[in-house]
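Proteins get letters first, then strands, A, B, ... in listed order; numbering begins at 1 in each.
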2 protein chains.
Amino acid sequence: MTTIKDIARIAGVSVATVSRVINESGYVNADTRKKVEEAIKLMNYSPNEVARSLYKRKSKLIGLLLPDITNPFFPQLARGVEDRLQEHGYRLIFGNSDENEDKELDYIRTFVQNNVIGVISSTNFPDSDTYLKLKIPIVFLDRTSNESPSVYADGREGGRMAAQEIIARGSKHITILQGPAHIKPAQDRFQGAVEVLEELGMSYHVIQTSSFSYAEAGHWATILFEQHLETDGVIASNDIVATAVLQEAHRLGKSVPQDVQIIGYDDIPLSSLLSPSLSTIRQPAYDMGREAARLLIELIEQDKVDEKIIQLPVSFVERETTRRK
Amino acid sequence: MTTIKDIARIAGVSVATVSRVINESGYVNADTRKKVEEAIKLMNYSPNEVARSLYKRKSKLIGLLLPDITNPFFPQLARGVEDRLQEHGYRLIFGNSDENEDKELDYIRTFVQNNVIGVISSTNFPDSDTYLKLKIPIVFLDRTSNESPSVYADGREGGRMAAQEIIARGSKHITILQGPAHIKPAQDRFQGAVEVLEELGMSYHVIQTSSFSYAEAGHWATILFEQHLETDGVIASNDIVATAVLQEAHRLGKSVPQDVQIIGYDDIPLSSLLSPSLSTIRQPAYDMGREAARLLIELIEQDKVDEKIIQLPVSFVERETTRRK
DNA sequence: TCTCCATGTGTAACCGGTTACATTCGTTAC
DNA sequence: GTAACGAATGTAACCGGTTACACATGGAGA
């Protein structure tokens, strides 16, 4: 590997001068600069970030912790984060936490060991010791904590919206699929929907689900219609489950949206390609990722940051699994 | 931050001894070890990987380069890679290349700058200088090079399979969606399908597509039926496009699979949740990721490795967009 | 002429680990 | 009694950068 010493030798200067050229710091004579730059080009040299990071006690690396990249909501987030960071010269160390606190802790530890300069995390444990003790900037993404910087969409409002829309479109026997108990955003949207149903004095049923996995989605859909065949409106916990419900309704010969309306959550990319295409509550996942990265960069590069808690709007995306008003 | 010096001071020994305890190398008296371990626990110390990495000239980091994590085929790959690496104590630096050579080059450079110990890449340019000159192990994933270690599924065979199955199930007017020209696996599967159609002397049409994006998928589907309304069999370039075709067929009042059969490619998780559920050629994405990670670890940790080129089998997944034989 | 300061460059300490080598001590073998 | 060796530990060099500091030079201003 070419090192700064090699460049110094070739250019006939000291390592300090080479360093000055690379970092455009201090005084360097124009001719000297030229010699150094030529040597750098000649050897195709690029400085070792590890050595830099050691002395400066900070790197160009940022840790990203997501529950499961396999859940189609998260690739959007990740891509948003990555795109923004990349523009600013930062790189990503990535891990899947499976919503598991131990795994999270382990990742955060190795992030720190690698001198990451900031962390973006979708965690259910924002108030755990691990995060409180972190001495580097952290942004919570899709999850919130009281005072900490975070970027999220309003789950409660999303849930309310779903309930309002499905009621406004005429469903009387609504069943809500309640997402996994340990995942906060899932509970927020559930609470929001329940609120509206209670406010309007509607009766409804709840099916409690314990995962967002593809494998089990069909299972919840089956149970739903087994237990509440009269259901004419389904508020799903996310688009995957909604898709499974759509499939099950189809299998049972129910037509959508005439017999059953279905509203999903997230607006994952495939939702618009289903037939009927899925009405859903959209979370601007890509933008959330980008915003989180922007906020983190601000926290890293500036002393004070105005807005530390960024809530992005959710919206109802009207497609074909709901009736026209 | 706690350093090895702090631990040494607290335990009343030298840094060398602390290092020996941490790394279980050399001689350490049992009592001394205990003192050091207590100091480590007391301070919740964990060694700085950056310093380690600098001296040893290698880290515990591995670079992963994928075209676009937002394409639902890749999260599976990534998860497979991550799971296996994580089990072995390695971490991932991740980047999206957008199939863009410059972006790739840039990532590879920063990977190297960060002393990554290996790289896994889904690239269309495996024979570029960048990769040839890399002095660390590299595994190509979902893409191949002549002699280099790689893990992939047989695209040509997959294409053949798709054509055979759709013909065996009675389609006479087949249209193939040809994936983006610059993406090799897409061309492989296309070639395979064409081969079979030619061998059997079937006539067919081709629609050339230029991306795998969700946004454009619907567009190709529209064009397909505009140009070849008589189509009774579609071999799609991947499951996303297949889903769009399914939607378009539905819109046109064609019943699937009676009027049109559709075969996708990849078997992304959502395929089984569509209605009708999508018949497709399955690539074992998660396993491909795991295998790539396993192979890379072998290359890193061992002198010689037997199998450097691993081809995983594709399979036809019969669901509801094809007729029964 | 002398002082002061901007410019330009080199030397060496430092970041936090690892490890080669030196040193000390106690035991064993001859 | 002493040579040889294993056990235990410390000192200091090293990894590849950055930067504080020292020093040299030359021109401007008093």
| Does a sphere of radius 6.0 Å around CD in A/Gln302 hold more than 12 heavy atoms from other residues, nucleotides or ligands, not counting ones at 6.0 Å or beyond? | yes
| Candidate pair B/Arg143 and B/Asn124, rule side-chain hydrogen bond (donor to acceptor under 3.5 Å, both in side chains), full reasoning | CA-CA 7 Å; B/Arg143 314 282 159 118; B/Asn124 293 306; 2.7 Å; yes
| Quick one: is C/dT11 close enough that its OP1 or OP2 comes under 4.0 Å of any side-chain N or O from A/Ser14? | no
| remark: Residues at least two apart in sequence or cross-chain that pass ring pair (Phe, Tyr, Trp, His ring centres under 6.0 Å) with A/Tyr286, listed by chain then number, are none
| field | For DNA chain D, the residues among residues 25-34 of chain B that have a non-hydrogen atom under 4.0 Å from it | value | B/Tyr27, B/Val28, B/Asn29, B/Thr32
| message | With a 4.5 Å cut-off on side-chain heavy atoms, are B/Val36 and B/Val13 touching? | response | yes
| Which nucleotide sits closest to the side chain of A/Ala16: C/dG10, C/dT19, C/dC15? | C/dG10
| said: Is the distance from the ring center of B/Phe212 to that of B/Phe73 below 6.0 Å? | reply: no
| said: With the threshold set at under 4.0 Å for non-hydrogen atoms, list the residues of residues 52-61 of chain B touching DNA chain C in residue-number order. | reply: B/Arg52, B/Tyr55, B/Lys56
| said: Counting only heavy atoms and a strict 4.0 angstrom limit, can you tell me which residues of residues 35-43 of chain B come near DNA chain C? | reply: none
| query | Which part of the nucleic acid, if any, lies within reach of A/Thr17 when heavy atoms closer than 4.0 Å are counted: base, sugar-phosphate only, or nothing? | reply | sugar-phosphate
Result block: side-chain N/O donor-acceptor pairs under 3.5 angstrom for residues 42-50 of chain B, not counting sequence neighbours:
residue, atom, partner, partner atom, Å
B/Asn48, OD1, B/Val50, N, 2.6
B/Asn48, OD1, B/Ala51, N, 3.2
B/Asn48, ND2, A/Asn115, OD1, 3.4
B/Glu49, OE2, B/Arg52, NH1, 3.1

| To 10°, what angle do the rotation axes through the five end pairs on each side of the helix from C/dT1-D/dA30 to C/dC30-D/dG1 form? | 60°
